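In what follows, chains carry the letters A, B, and so on, assigned in the order in which the sequence lines appear, proteins first and then strands, with residues in each chain numbered from 1. Keep in mind it's a predicted model, so treat the numbers as computed, not measured. Quick note: numbers below take in every heavy atom, side chains included, and nothing from hydrogens, waters or symmetry partners.
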Amino acid sequence: MAFIRTRFAPSPTGYLHVGGARTALFNWLYARHTGGTFILRIEDTDQVRSTEPSVQAIFDALRWLEIDWDEGPFFQSQRLDVYNAHIDRLVAEGHAYHCTCTPEQIEAMREKARATGDKPRYDGTCREKGLAACPGSVVRFKAPSTGATLVPDAVKGDIVFANDELDDFVLRRSDGMPTYNFAAVVDDVTMQINTIIRGDDHVMNTPKQILIYNALNQPLPVFAHVPMVLGPDRTRLSKRHGATSVTAYRDMGLLPDAFINFLARLGWSYGDQEFFTRAELIEKFTLDRVGKSAGIFDAVKLSALNADHIKATAPQALARHLLPFMQAQGLNATDDAYLHGAIATLQARSKTLEEMARQAHFYYTEPVALDDQTAGKFLKPEVLEWLRALADRLSALTSFGEKDLETVFLQVMETFQIKLGKIAQPLRVALTGTTVSPGIFEIMVVLGKERVLARLARAIEYIEKRG
RNA sequence: GGUCCCAUCGUCUAACGGUUAGGACACUGGCCUCUCACGCCAGUAACAGGGGUUCGAAUCCCCUUGGGAUCACCA
């Protein structure tokens with residue numbers, strides 16, 4: 001297989017969920033790894049459940065994940081003529097037939113089968129009638145009732161299905177729309193998809209699809225069924241497990257690279273390595289390292305990985321992702337050196353971008369809020385002369401680097417015979433209005449001389465007023 | 001219920017017949033320290049059970065048990 005062609009084919013019946021995102025990711029990574037082509041196809045043959053907002057939500061999520069596609073998006077609803085041409089061919093060649101049995105008749109067959117303990121299946125009433133298409137008729141596939149169908153799977157190995165498990169399933173519904181199994185095969189054939197990576201909830205569909213490939217006289221693609229993503233209760237991940245929409249994680253302040261790193265490691269591994277950049281993922285992703293067993297989605301681990309990515313990303317690159325959160329919190333920041341400096345002090349202490357934005361407030365709040373709750377506790381008369389001395393010496397500084405600041409502090413500490421711990425908290429409150437922040441030297445460097453002196457002056461004033 | 005898949009610490013996983021069964025998250029101690037974090041060090045914790053095969057099984061085979069998926073004119 002010289003040239004890999006993969007695809008992601010979601011149905012637009014809701015937001016892109018975690019499981020779908022991982023399927024998209026694996027297909028994308030594999031295509032990028034092999035220098036192949038990744039195609040996006042929207043499976044909207046279910047007229048009732050498919051919606052335009054869902055289509056947009058999927059695009060939106062993929063865009064955030066930075067998963068781009070080379071061809072498409074193709075919409076199945078716009079390819080009816082392609083499916084019909086293949087239907088005609090299958091009927092003409094005797095692989096399929098028109099069926100006029102009504103849903104009621106089908107249900108009766110199932111009831112009867114259940115009563116006798118047989119498998120509920122279509123009994124083949126119209127199979128040999130040679131009926132023509134007519135309003136309300138469906139097209140069924142002439143499935144073999146003997147023998148077995150082998151599903152070669154790149155992750156699970158060979159899986160064998162007895163053909164008598166299958167019945168003459170529907171290819172085209174009475175409303176003229178193709179069914180999933182048929183449309184998917186026709187699309188994969190015509191789009192020359194040669195590697196199908198999808199959730200293993202699709203393995204039961206695969207023998208049917210292989211039968212269609214055979215009837216169409218087409219070579220089989222490589223199938224790779226990746227294990228499911230489960231919720232903490234070990235059932236398939238769904239809405240009731242909390243956030244399952246991909247964009248919800250974006251809105252929580254996750255980095256897309258952290259999210260795909262996490263998704264990749266759920267079901268795929270590369271020795272002991274846990275942290276992967278996007279480029280590393282592309283470089284190292286192969287199908288033979290995909291695991292066989294289902295995995296539980298662990299939000300705590302995702303959060304830890306996000307923290308690692310935040311630490312490992314350059315402030316300049318982080319800014320773009322952080323800005324929306326700052327704006328949402330009413331902070332008027334711009335992508336400049338000041339912001340980058342602030343980010344650098346916050347990286348080690350933020351698990352999410354949302355959290356980072358919250359911690360960045362003091363950098364952008366002028367004047368800093370001095371509430372009596374905290375300010376009253378630390379900005380007391382006894383620190384007054386220390387702060388004054390600090391302000392004096394700092395104002396004399398011509399360069400405001402960490403080394404310069406340290407020198408000033410040592411002098412003040414020496415003068416008053418105090419330890420850094422004594423003055424650090426009052427100073428922190430003066431500069432940030434809170435008792436928790438990055439190191440005082442680093443924030444002073446970022447704030448710069450002017451802001452520092454202004455905030456100090458204000459704290460001194462606060463103490464004087466309060467007495 | 002039929003069919004199919006899966007099975008290593010609580011969780012994600014490494015191991016491709018021979019290891020004191022490794023790493024990460026979480027948790028618990030300690031160190032560092034101007035607060036909070038980060039970081040560093042240490043610790044608790046797993047081969048589902050039973051039969052085989054083999055000089056030797058977490059690794060191969062079978063059974064049991066457990067979990068999951070799927071049984072549509074949904075995808």
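When Watson-Crick and G-U wobble pairs are counted only if both distances are under 3.5 Å, B:C9 pairs with no nucleotide at all. The nucleotide B:A37 finds no pairing partner, because no Watson-Crick or G-U wobble arrangement with both distances shorter than 3.5 Å includes it. Nucleotide B:A42 forms a pair with B:U28, judged by Watson-Crick or G-U wobble geometry with both contacts under 3.5 Å. Base pairing annotation: B:U59 forms no Watson-Crick or G-U wobble pair, as no partner gives both donor-acceptor distances under 3.5 Å. Nucleotide B:G1 has B:C71 as its partner under the Watson-Crick or G-U criteria, with both atom distances under 3.5 Å.
Rounded to a whole Å, the CG atom of A:L431 is 17 Å from the P atom of B:C34. Distance CG (A:D308) to P (B:A37): 17 Å, rounded to an integer number of Å. The interatomic distance linking A:L266 (CG) with B:C6 (P) rounds to 18 Å, in whole Å. Between the C1' atom of B:C12 and the CG atom of A:L230 lies a distance of 13 Å, rounded to the nearest Å. Between A:Y180 atom OH and B:A75 atom P the separation is 10 Å, expressed in whole Å. Here B:C6 presents its P atom at 18 Å from CD1 of A:I296, a figure rounded to the nearest Å.
B:G22 and B:A58 have their P atoms separated by 14 Å, given to the nearest Å. With both ends at atom C1', the span from B:A46 to B:U53 equals 25 Å, rounded to whole Å. The separation of B:C9 from B:U28, taken at their C1' atoms, amounts to 15 Å, rounded to a whole angstrom. On the C1' atoms, B:G52 is 31 Å away from B:A45, given to the nearest whole Å. Separating the P atom of B:U65 from that of B:C25 is a span of 38 Å, rounded to the nearest Å. Using P as the reference atom, B:G2 and B:U59 are 28 Å apart when rounded to the nearest Å. A distance of about 29 Å separates the C1' atoms of B:U54 and B:G66, rounded to the whole Å. Across B:G10 and B:G49, the matching P atoms stand 13 Å from one another, rounded to whole Å.
To the nearest 0.5 Å, the span separating CG on A:D88 from CG on A:D81 amounts to 11.0 Å. Rounding to the nearest 0.5 Å gives a distance of 6.5 Å between OG1 of A:T149 and CG of A:L166. Residue A:R172 holds its CZ atom at 13.5 Å from CZ of A:R140, rounded to the nearest 0.5 Å.
The base of B:A75 sits within donor-acceptor range of the side chain of A:N205, with an N or O pair under 3.5 Å. Between the side chain of A:K292 and the base of B:A7 there is no donor-acceptor pair of N/O atoms closer than 3.5 Å. A donor and an acceptor atom sit less than 3.5 Å apart, one in the side chain of A:R49 and one in the base of B:C74. A donor N or O paired with an acceptor N or O is not found under 3.5 Å between the base of B:C73 and the side-chain atoms of A:T179.
Taking the ring axis of A:Y97 as reference, the NZ or CZ atom of A:K129 does not stay both within 45° of it and closer than 6.0 Å to the ring centre. Annotation: cation-pi pair A:R458/A:Y462 absent, no NZ/CZ under 6.0 Å from the ring centroid and within 45° of its normal.
Looking at the side chain of A:F161, the nearest of the listed nucleotides B:C34, B:C12, B:C4 is B:C4. Nearest nucleotide to the A:A304 side chain, out of B:C5, B:C25, B:C73: B:C25. Side-chain atoms of A:R140 lie closest to B:C73 of the nucleotides B:C73, B:U3, B:C34. Side-chain atoms of A:D200 lie closest to B:C5 of the nucleotides B:G2, B:C5, B:A7. Of the listed nucleotides (B:A75, B:A37, B:C5), B:C5 has the atom at the smallest distance from the side chain of A:K156. Checking B:G2, B:U70, B:C34 against every side-chain atom of A:L420, the shortest atom distance belongs to B:C34. Listed nucleotides: B:U70, B:C4, B:C34. Nearest to the side chain of A:R236: B:U70. Comparing atom distances between the A:R349 side chain and each of B:C36, B:A75, B:A69 picks out B:C36 as nearest. Nearest nucleotide to the A:R265 side chain, out of B:G23, B:A75, B:U35: B:G23. Closest approach to the A:R234 side chain among B:C34, B:U13, B:U11 is made by B:U11 (side chain taken as heavy atoms from C-beta onward).
The residues A:R41 and A:D188 are annotated as salt-bridged, a charged nitrogen and a carboxylate oxygen being separated by less than 4.0 angstrom. A salt bridge does not link A:R388 to A:E385: none of the charged side-chain nitrogens sits closer than 4.0 Å to a carboxylate oxygen.
The phosphate of B:A14 has OP1 or OP2 within less than 4.0 Å of a side-chain N or O from A:S269. A close approach under 4.0 Å does not occur between any side-chain nitrogen or oxygen of A:R428 and OP1 or OP2 of B:C36. A:R110 has a side-chain polar atom (N or O) that falls below the 4.0 Å cut-off from OP1 or OP2 of B:C73. Look at A:T45 and you won't find any side-chain N or O under 4.0 angstrom from OP1 or OP2 of B:C74. Phosphate proximity of B:A75 to A:R173: present, with a side-chain N or O under 4.0 Å from OP1 or OP2.
Contacts of A:S174 with the nucleic acid, taken as non-hydrogen atoms under 4.0 Å apart, include base atoms. Among the atoms of the strands shown, none is found under 4.0 Å from any heavy atom of A:T434. Across all strands shown, A:P438 has heavy atoms under 4.0 Å from base atoms, whether or not it also approaches the sugar-phosphate. A:C99 comes within 4.0 angstrom of no nucleic acid atom, judged by non-hydrogen atoms across all strands. Residue A:G267 is classed as a sugar-phosphate contact, given heavy-atom separations below 4.0 Å to backbone atoms only.
Residue whose closest nucleotide on RNA chain B sits further toward the 5' end, between A:V155 and A:R114: A:V155. Of the residues near RNA chain B, A:G295 and A:Q47, the one whose nearest nucleotide (by heavy atom distance) lies more toward the 5' end is A:G295.
Neither side chain, A:H361 nor A:T434, offers a donor N or O lying under 3.5 Å from an acceptor on the other.
Remark: aromatic rings of A:Y180 and A:H202 are close, center separation under 6.0 Å.
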